2 protein chains.
Amino acid sequence: MALDERKLKILDTIVKEYIQTAEPVGSRTLSKNAGINISAATIRNEMADLEEMGYLYQPHTSAGRVPSEKAYRLYVDQLMQIFELDQLLEDEIKSVYMNYMNELTKAIEQTAALLSRITNYTSLVLAPGARSLNCKYVKLMPLEEENILMVLITKEKIVKNFVITLSAPADEAQLEKVNNVLNICLKDSSLADLSDQLADKIDALSHEEGVMLQEVIPLFKKALLESDKEVVYAEGMDKIFNFPEFADIDKAKRLIEALNKQNVLANLLSDDTSSDMNIRIGEENQVEAFKDCSLITATYKINGRPIGTVGVVGPTRMNYDYVVSVLDFLREELNAHISRLLNE
Amino acid sequence: MALDERKLKILDTIVKEYIQTAEPVGSRTLSKNAGINISAATIRNEMADLEEMGYLYQPHTSAGRVPSEKAYRLYVDQLMQIFELDQLLEDEIKSVYMNYMNELTKAIEQTAALLSRITNYTSLVLAPGARSLNCKYVKLMPLEEENILMVLITKEKIVKNFVITLSAPADEAQLEKVNNVLNICLKDSSLADLSDQLADKIDALSHEEGVMLQEVIPLFKKALLESDKEVVYAEGMDKIFNFPEFADIDKAKRLIEALNKQNVLANLLSDDTSSDMNIRIGEENQVEAFKDCSLITATYKINGRPIGTVGVVGPTRMNYDYVVSVLDFLREELNAHISRLLNE
DNA sequence: GTTAGCACTCGACGAGGTAGAGTGCTAACA
DNA sequence: TGTTAGCACTCTACCTCGTCGAGTGCTAAC
């Protein structure tokens, strides 16, 4: 059986209706819908076909039809249309990046809050890990005894602090020298390929500061690696309570639990950065707790290389058109913002 | 009517029983309880008295009795006993502070996670605001054009970064000089009484760096003030789903919503630091969303001055003895940890 | 003052009955 | 051949009713 024009139209309407109401859609409701001018009986025949094809199902015999995940997939792939955002909304998004010009970390935090507010779903934002960033400047500062503070400023305007513990108290003058060497080596380099680059450059330089430098470098790398654990900002978790699909306390519990686990979220957001926009519907999600959710994610980039992800979690009955439109715009703004920072 | 020994014993048993089971306690159950050797009928008489006095109530005529908030208050004030923690538990708590010797912020984050883990309730930890801290060292670093980064290291081993935007690009040499003056002025001083102290000291110094210094100081104060918004770490929010009192989705929703609002939590934790340990039961909480919760908080201190709060949120049917015992020990460890940091 | 006995109350739970929404099937129609 | 009206059917939501059991309050005896 083929999906002719009329079947698609009916499916499209059912999906849209169900996204709105969360109630099974009956043939009478549909036939009264503007845009569909066929009788309820005919629609019933079509719906029976669609059910046979796996696009619809009935919660029980005498209920209307509900779209299956297969239907949402079809809807997302073929039927829905991305639209231009309202001007006010665009301005609201842009203003976030205007207001946090000097600190990318804050801008990213605000992105999460914004995204949840404007979509009314739970938002997730994966901040770039250290490995995605580019070093601009490093400063070593003595704390007390063996401890030194390393302040790392990246070209993306992210500031990171690490406390490093040496084997012996640091001499201030020596620290200064090591600091200089480090800066010469690291300046403008990506933090990802630190190892090779550093080794080469340091060999090329005098071995004057040898001992201490030898010690600082692995400690720095270690600290960097630790801080590289990707941070996910999750906002609006309580929004899930607005959806009847989470009226069951156990479902709500499982989802909230998962949303509170950084490692789960980090995996969720970083496991596929191959495409710009990623929509995972229900069972398409690998993580158990998200198997009755949909997750829409978009990657943002530096020079075309993905460094982080923004995303939205909601019921499979999600407002796909709107969320995709928002994420699309948001991602572009975030890209533009970061590239402004880099070229400043 | 007076609360004689026997009534207290009965009340104590009912409270303990109800905390365990969350089920109304009947007279038969009680009379079978070891430690109470009177018949169910006698207990019924006593329970009727206790109900009249407002310590108990019945959900419905043929149910057992449930402790009122007045009963919990009595229990907390007179009946419960703090006990020594298990050695393993003490070691677990201590190890957190051993493992995060160099960064108070991390230690505090870990405290929240630990507290929720060992109590099985939601934990809240209010980190010290900037005003509670003491300056050790300040470093100004040029970023680009008008922007400079200020790194503040406190004696408590908290590192804070502020980006400050000047009216004109900063000259590096001048920045250095301003930095020196700032350090002379700020060294060892409390960040709370910054205003007066700074003004005096700066007047006493040469006006050589005048213009820039005049500009940096208010900007620094402003940044400090902004970062002074107290941060609350909340862990284990999902734990509330384990309690039947939050089986109602609306109740759960309201609490989770409140727990996600930083300002609500900050108020909750900072509104009474007069006593070391604070127990607020149900209606005693000012904030609406917490009126069917109990909140136990303990303040931690620097040199006897309260700077932050650790706390636990749960149903009014909370395991008060245990939570108070844990918080008591935890607070002492945190105090000891901070004073170690200060005297290092 | 304490206890056993007993009638009473009330919620939880399952059975049964009704209303309404929506279906599938059939037969008639264009 | 595709479309439609009509109708019997199915199933849930909701209500009521009756039963069971836990727990009570009261009374009378110890």
Side-chain angles (χ1 to χ4, degrees), chain A residues 1-11 13-15 17-18 20-33 35-68 71 244-245 247-249, chain B residues 1-11 13-15 17-18 20-33 35-68 71 244-245 247-249:
Chain A
M1 206 176 329
L3 275 173
D4 58 28
E5 194 86 2
R6 194 170 69 180
K7 282 194 173 61
L8 283 176
K9 175 72 186 160
I10 290 176
L11 192 56
T13 313
I14 293 178
V15 169
E17 184 75 18
Y18 188 70
Q20 285 288 322
T21 63
E23 295 287 337
V25 184
S27 54
R28 258 180 66 84
T29 321
L30 264 190
S31 79
K32 276 184 283 188
N33 185 298
I36 295 195
N37 289 318
I38 32 183
S39 76
T42 309
I43 291 172
R44 282 203 284 283
N45 290 328
E46 296 288 44
M47 294 209 295
D49 290 349
L50 285 168
E51 180 162 0
E52 202 177 320
M53 287 187 266
Y55 292 107
L56 298 177
Y57 68 94
Q58 289 179 280
H60 55 86
T61 330
S62 71
R65 256 61 171 217
V66 174
S68 67
E245 23 278 271
D248 174 18
I249 197 94
Chain B
M1 206 177 327
L3 274 173
D4 57 30
E5 193 86 2
R6 194 169 70 179
K7 282 194 173 60
L8 283 177
K9 174 72 187 163
I10 289 175
L11 191 56
T13 313
I14 292 177
V15 169
E17 185 75 18
Y18 188 71
Q20 285 288 323
T21 64
E23 296 287 337
V25 185
S27 54
R28 257 179 67 85
T29 321
L30 264 190
S31 79
K32 275 186 283 187
N33 185 298
I36 295 193
N37 289 318
I38 34 182
S39 76
T42 309
I43 291 173
R44 280 202 287 280
N45 290 328
E46 295 286 44
M47 293 208 298
D49 291 349
L50 286 168
E51 180 161 1
E52 203 176 318
M53 287 187 266
Y55 292 107
L56 298 177
Y57 68 94
Q58 289 180 279
H60 55 85
T61 329
S62 70
R65 255 70 171 208
V66 174
S68 67
E245 23 277 273
D248 175 17
I249 198 94

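Not measured: the values here are computed from a predicted model. These values consider heavy atoms only, across backbone and side chains, with no hydrogens, waters or symmetry-generated copies. Every chain is numbered from 1, with letters handed out A, B, ... down the list of sequences.
Between B:Asp49 atom CG and D:dT24 atom P the separation is 14 Å, expressed in whole Å. Here C:dA21 presents its C1' atom at 11 Å from NZ of A:Lys32, a figure rounded to the nearest Å. Whole-Å rounding puts the A:Met47 CE to C:dA21 P distance at 16 Å. Whole-Å rounding puts the A:Ile10 CD1 to D:dG2 P distance at 15 Å. If you measure from atom CD1 of A:Ile43 to atom P of D:dA5, you get 11 Å, rounded to the nearest angstrom. Protein atom OH of A:Tyr57 is 16 Å distant from nucleotide atom P of C:dG22, rounded to whole Å. Atom CD in A:Glu46 sits about 14 Å away from atom P in C:dT23, given to the nearest Å. As a whole-Å value, the separation of B:Leu56 CG from D:dT24 P is 10 Å.
Within a 6.0 Å sphere centred on CD of B:Gln20, heavy atoms belonging to other residues, nucleotides or ligands number 12 at most.
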Just the table, please: protein N/O against nucleotides 6-9 of chain D N/O, every pair under 3.5 Å.
{"unit_1": "D:dG6", "atom_1": "O6", "unit_2": "A:Arg44", "atom_2": "NH2", "d": "3.3"}

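The shortest distance between side-chain heavy atoms of A:Glu17 and A:Ile14 does not fall below 4.5 Å. At least one side-chain heavy atom of A:Leu50 sits under 4.5 Å from a side-chain heavy atom of A:Leu3.
Under the salt bridge (charged side-chain N to carboxylate O under 4.0 Å, His left out) rule, A:Asp49 has a single partner from A:Arg44, A:Arg6, A:Lys7, which is A:Lys7. If you run side chain to side chain contact (heavy atoms under 4.5 Å, CB included) between B:Ser27 and each of B:Ile38, B:Ile43, B:Thr42, only B:Ile43 comes through.
Side-chain N/O atoms of B:Arg6 include one lying less than 4.0 angstrom from OP1 or OP2 on C:dT2. The phosphate of D:dC11 (OP1 or OP2) has no side-chain N or O of A:Ser62 nearer than 4.0 angstrom. At C:dG22, none of the side-chain N or O atoms of A:Arg65 fall inside 4.0 Å of OP1 or OP2 (strictly under the cut-off). Note on B:Ser27: a side-chain N or O is less than 4.0 Å away from OP1 or OP2 of D:dT24. Using a 4.0 Å cut-off, some side-chain N or O of A:Thr42 falls inside it from OP1 or OP2 of D:dT4. For A:Ser39, a side-chain nitrogen or oxygen approaches OP1 or OP2 of D:dT4 to under 4.0 Å.
Heavy-atom minimum distance, A:Gly54 versus A:Ser68: O-OG, 2.7 Å. The two residues B:Ala40 and B:Ser31 come nearest to each other via the heavy atoms N-CB, 3.7 Å.
Summarising the geometry, atom CD belonging to B:Glu23 is positioned 8.0 Å from atom OH belonging to B:Tyr18; distances are rounded to the nearest 0.5 Å. For the atom pair CG of B:Leu8 and CD of B:Glu46, the computed distance is 10.5 Å after rounding to the nearest 0.5 Å.
Residue-to-nucleotide proximity on DNA chain C shows that, of B:Asn37 and B:Thr61, the 5′-proximal contact is made by B:Asn37.
Checking C:dT23, D:dT4, D:dC11 against every side-chain atom of A:Gln58, the shortest atom distance belongs to C:dT23.
In secondary-structure terms, DNA chain D builds stems of at least 3 consecutive Watson-Crick or G-U pairs, each pair having both distances under 3.5 Å, at C:1-30 with D:1-30.
With hydrogens and angles disregarded, a donor-acceptor distance shorter than 3.5 Å links the side chain of B:Gln58 to the backbone of B:Ala63.
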